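Step one of this worksheet: look at the structure below.
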Amino acid sequence: MCILLLPGVVAHATSKYACDEPNPASLCTGANTCGSASAPCTIDITKAGNSSNVKPGIPDAKNNQFFCVKKGTQVVWMTSNKNTGFMISFGTDNPFDPDDPIIGGANKQITVKANTPGCYKYDAGAFYPGATYGMGGGSKPELVILP
């Protein structure tokens with residue numbers, strides 16, 4: 001048996017989280033950037049069974065996918081589910097203005113402005129009023145705010 005080691009060849013492990021990568025902003029492309037200076041980014045939070053999903057308003061978006069917005073973009077958090085509420089929490093690192101928790105529902109969209117560049121993990125939950133088990137299990141999506 002022979003083992004060959006080549007100098008300069010190193011395996012790099014990648015995290016399942018974009019925000020754990022060395023330069024998460026480099027993962028932003030036209031295909032995963034939501035909104036613009038003239039058009040808001042709409043984000044749909046839905047409840048599906050015991051879980052919650054976040055889907056950015058970009059073509060072919062997947063639930064809970066990583067996405068990017070540019071600083072200054074208006075971001076509209078909403079739900080397309082009837083009789084559903086939602087809550088988004090960035091903890092102490094809320095990159096939006098105002099930096100209050102984002103709490104809304106089917107009849108209450110919340111509009112904020114992307115303010116602080118960086119990569120952010122956040123908690124997202126959706127709930128039905130009077131549901132036996134309350135809020136759907138939160139998801140841990142990520143987003144990058146570009147300068």
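Worth saying up front: this structure is predicted, and the values here are computed from it rather than measured. One is the number of the first residue; the rest follow in order along the sequence.
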Heavy-atom closest pair (Val69 atom, Cys41 atom, distance to 0.1 Å) is CG1-SG, 3.9 Å
Is it the case that the side chains of Ser89 and Asp123 hold a donor-acceptor pair, with the cut-off being a distance below 3.5 Å and no angle test? no
Working to the nearest 0.5 Å, report the span between OG of Ser51 and CG of Asn63. 8.5 Å
Out of curiosity, Met78 CE to Thr46 OG1, how far, rounded to the nearest 0.5 Å? 10.0 Å
Heavy atoms from other residues, nucleotides or ligands near CG of Asp97 exceed 12 (cutoff 6.0 Å): yes
Set of residues satisfying salt bridge (charged side-chain N to carboxylate O under 4.0 Å, His left out) with respect to Lys121, sequence neighbours excluded: Asp20
From NZ (Lys55) to OG1 (Thr42), nearest 0.5 Å: 13.5 Å
Can Phe86 and Thr84 be said to form a side-chain contact (heavy atoms from CB on, under 4.5 Å), step by step? CA-CA 7 Å; Phe86 63 85; Thr84 301; 5.7 Å; no
Is there a chain of hydrophobic side chains (I, L, V, M, F, W, Y, each step under 4.5 Å between heavy atoms) that links Tyr122 to Ile45? yes
Going through the checks in order, is the side-chain contact (heavy atoms from CB on, under 4.5 Å) test met by Thr116 and Ile145? CA-CA 7 Å; Thr116 308; Ile145 295 180; 5.7 Å; no
Which pair of heavy atoms, one from Phe127 and one from Met87, lies closest together, and at what distance? CE2-N, 4.3 Å
Once you round to the nearest 0.5 Å, how far does CG of Asp93 lie from CG of Asp99? 10.5 Å
Determine, using the 4.5 Å side-chain heavy-atom cutoff (strictly less than), whether Phe67 and Ile88 are members of one ILVMFWY cluster. yes
I need the Asn81 CG to Asn53 CG distance, nearest 0.5 Å. 9.5 Å
Closest non-hydrogen atoms of Ser52 and Ala126, given as atom of the first, atom of the second and distance, are OG-N, 2.8 Å
Correct closest heavy-atom pair for Val76 and Pro40 would be CG2-CB, 4.1 Å
SG atoms of Cys34 and Cys68 less than 2.5 angstrom apart: no
Same hydrophobic cluster for Leu146 and Phe96, using side-chain heavy-atom links shorter than 4.5 Å among ILVMFWY? no
Would you say Asp60 has more than 12 foreign heavy atoms packed within less than 6.0 Å of its CG? no
Nearest heavy-atom pair of Cys28 and Thr33: which atoms, and what distance? CB-OG1, 4.3 Å
May I ask you to test the Tyr120-Asn94 pair for a side-chain heavy-atom distance under 4.5 Å? no
Could you give the distance from OG1 (Thr79) to CG (Asn107), rounded to the nearest 0.5 Å? 10.5 Å
Ile58, Phe66: one ILVMFWY side-chain cluster at the under-4.5 Å cut-off? no
When you measure from the side chain of Asn32 to the backbone of Leu27, do you find a donor-acceptor pair of N or O atoms at a distance under 3.5 Å? yes
Can any side-chain N or O of Asn115 pair as donor or acceptor with the backbone N or O of Pro95 at less than 3.5 Å? no
If I compare all heavy atoms of Pro56 with all of Ala61, which pair ends up nearest, and what's the gap? O-CB, 3.2 Å
What residue pairs, at least two apart or across chains, pass salt bridge (charged side-chain N to carboxylate O under 4.0 Å, His left out) with a residue in residues 68-87? none
